[in-house]
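Order of listing sets the numbers, starting from 1, for every ligand and every atom in it.
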Amino acid sequence: MATYDNTHRAFLQVFLSRGSLTFDESKPILAAIWNAQNTDEQETEPENITLDDFNSYIQSVNTAISPFDFEIRSTIAQDPAKQSSNPPTRLYALVNTTSDAISQLSTTHSADEIAFLKRVLDSMFETHNTRRNEILAVTSMQALALSRPPQSSHHVNGDTSTQTAAQQGLTKTEAERCLESLVAEGWLCLSRKGYYRLSPRALMELRTWLVDTYNIPAEDDDDSTAVTKVKSCNGCGEIVIVGQRCADLDCLVRVHDHCLRNVLRAAGGEVCPGCKRSWTGDVFVGEKAAQMSRSTGGARQSAVTNGAHSDSE
Ligand SMILES: [Zn+2]
Ligand SMILES: [Zn+2]
């Protein structure tokens, strides 16, 4: 591996200031870093930067920063507006690898704001993530309704400490501003149809936290005791918040739009790789699931199964 020098430090600095980067965005940056270092040599043009160059920098930086619980991870953006036929863009982000990654928000957000974000996450991954409707996103109206903690004694995940420490909650205006800053900081994405979902960076940072918080592993090999609210892609293994699901409600197979072609090819046709039922391609994960449920009246049904939770749009 190449030695760690000032060009690697400059590259890491770019991640520290920008948070995330694509390979294409990195080309002019790496070229500029090289040209600043090698003033007497021939200029490097951005188009001469290869993926191998880029990956070698990622690798060297990761070796240097891993003792500090940081890592540059990559993922492909899950965008409901993008068609699966578009070549997917890989996004690289500097993430904190500790399981309590959400606590890093405490440097920029108050305890009330973090408690609000946790209520929004509960809403995404529990209230709006039912057996029938895996929306995994909330409208701004749904999010703002969570500005104050619920008055009832209902505690999600037994997390009572958060709620007693932050009983006050936020005003609607504060909650609105908090959502705006979470979008600006790259934690949430706001879709064209007005749904908030987790950003690619947040999914990379919060992967462990989400699984620990919302999934319950099977007890004594009894699969019926397992709760899998956070589901992984059959193709790439990363969390699916936008994509497709098997038409069988009891089947756990989920696939990103950009992974679907490879998954079906590996399955040997238009069949679910898990249960072998035919893959219909019209059962969605993400905000499309909300649009489907509205047209079929499924939203009312899920409001009933959710008990106290409001599932209104
Ligand atoms: Zn995938
Ligand atoms: Zn299946």
The Zn ion (ligand 2): angle it makes with SG (Cys272) and SG (Cys246), nearest 10 degrees:
110°
Under 3.5 Å, is there a donor-acceptor pair between the Glu238 and Thr75 side chains?
yes
If we ignore angles and hydrogens, is there a donor and acceptor under 3.5 Å between the side chains of Asp24 and Thr22?
no
Take Glu287 and Ser191 through the side-chain contact (heavy atoms from CB on, under 4.5 Å) test and state the conclusion after the steps.
CA-CA 9 Å; Glu287 60 182 73; Ser191 78; 2.8 Å; yes
Using only N, O or S atoms, tell me which atom of His256 is closest to the Zn ion (ligand 1).
ND1
His258 near the Zn ion (ligand 1) via N/O/S, less than 2.8 Å:
no
Which atom pair, heavy atoms only, marks the closest approach of Val263 to Val255?
CG2-CG1, 3.8 Å
At the Zn ion (ligand 1), what's the angle from Cys233 SG to Cys259 SG, rounded to 10 degrees?
110°
